[in-house]
Amino acid sequence: MIKKGFIGVLIAGFFVGGLSGQNLQLSESYAPQPRVVTPASCDRPVPPPSDAVVLFDGTDLSAWVHADGSPADWEVADGILTVKPKSGSIQTKADFEDFQLHLEWSSPVVVKGEDQLRGNSGVILQGRYEVQILDSYNNPTYVNGQAGSIYKQYPPLVNAMQKPGEWNTFDILFTAPRFKADGSLHSPAYITVLHNGILIQHHVAVLGITNLPLPAYKAHGRGPIVLQDHGDLVRFRNIWIREW
Ligand code: MG
């Protein structure tokens with residue numbers, strides 16, 4: 001009886017521990033708040049180095065399509081790309097594996113909404129793993145959903161936001177996950193992010209595809225860069241990538 005009871009406690013403990021671990025990663029966590037770090041101005045664009053693949057140089061969206069393959073129809077004007085709300089996310093025609101990605105983005109000049117409904121977009125790596133874009137300047141939300149979070153997984157180390165309307169940079173280093181022949185995970189994806197030149201994610205091991213009910217991986221190969229249409233007028237410029 002004692003032995004059975006002990007095993008029962010062990011099983012119950014494992015079960016509860018397992019669930020709470022998953023809930024911890026999946027739930028919307030509100031503390032601790034990443035401290036605010038004021039970045040230097042990023043108003044000066046960072047153009048691509050000589051070996052980069054240019055994804056957006058300010059002129060057109062020839063490198064992008066919607067998920068159904070139709071031409072990307074977000075607005076391009078004055079060298080700037082702006083989300084066209086309700087038109088759907090856009091993705092690169094090309095697929096990528098391990099890379100360094102640079103992009104510049106700006107929250108809408110007119111501040112509207114709050115929490116997750118203020119300047120929401122996202123850059124979704126290999127079409128699966130979202131680095132959140134949000135107006136996180138004086139805009140409390142769950143910390144693992146603020147700008148620079150690995151969405152619903154890792155809050156940023158600090159809040160390095162520029163004011164709405166000013167330009168932010170993301171420099172993202174991505175190591176793709178690797179899978180065994182049977183489709184099971186060999187090694188997870190790793191993400192490092194500099195936000196306005198400030199380290200906010202340091203080689204974090206991604207738990208799985210964003211927005212699944214539970215963190216999980218499903219075997220895949222190369223994938224596109226996706227920019228999310230979340231209904232807000234987020235702007236982009238200077239998007240380039242280097243595979244390594
Ligand atoms: Mg988003």
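Indexing begins at 1, ligand by ligand and atom by atom, following the structure's order.
- Here I80 sits in one hydrophobic cluster together with W167; the rule is ILVMFWY side chains under 4.5 Å apart, joined directly or through other members.
- A donor atom on one side chain and an acceptor atom on the other are found under 3.5 Å apart for W74 and S87.
- Other residues sharing a hydrophobic cluster with W240 under the 4.5 Å side-chain heavy-atom criterion for ILVMFWY residues are V46.
- Not counting sequence neighbours, the partners of R35 by the side-chain contact (heavy atoms from CB on, under 4.5 Å) test are V37, V158.
- The side chain to side chain contact (heavy atoms under 4.5 Å, CB included) test with L207 singles out one residue from Y154, Y217, Y129, and that residue is Y154.
- Protein N/O/S atoms found under 2.8 Å from the Mg ion (ligand 1), listed by chain and residue number: N120 OD1, S121 O, E130 OE2, Q132 OE1, Q228 OE1.
- The two atoms that bring L55 and F96 nearest to each other are CD2-CZ, 4.1 Å, heavy atoms only.
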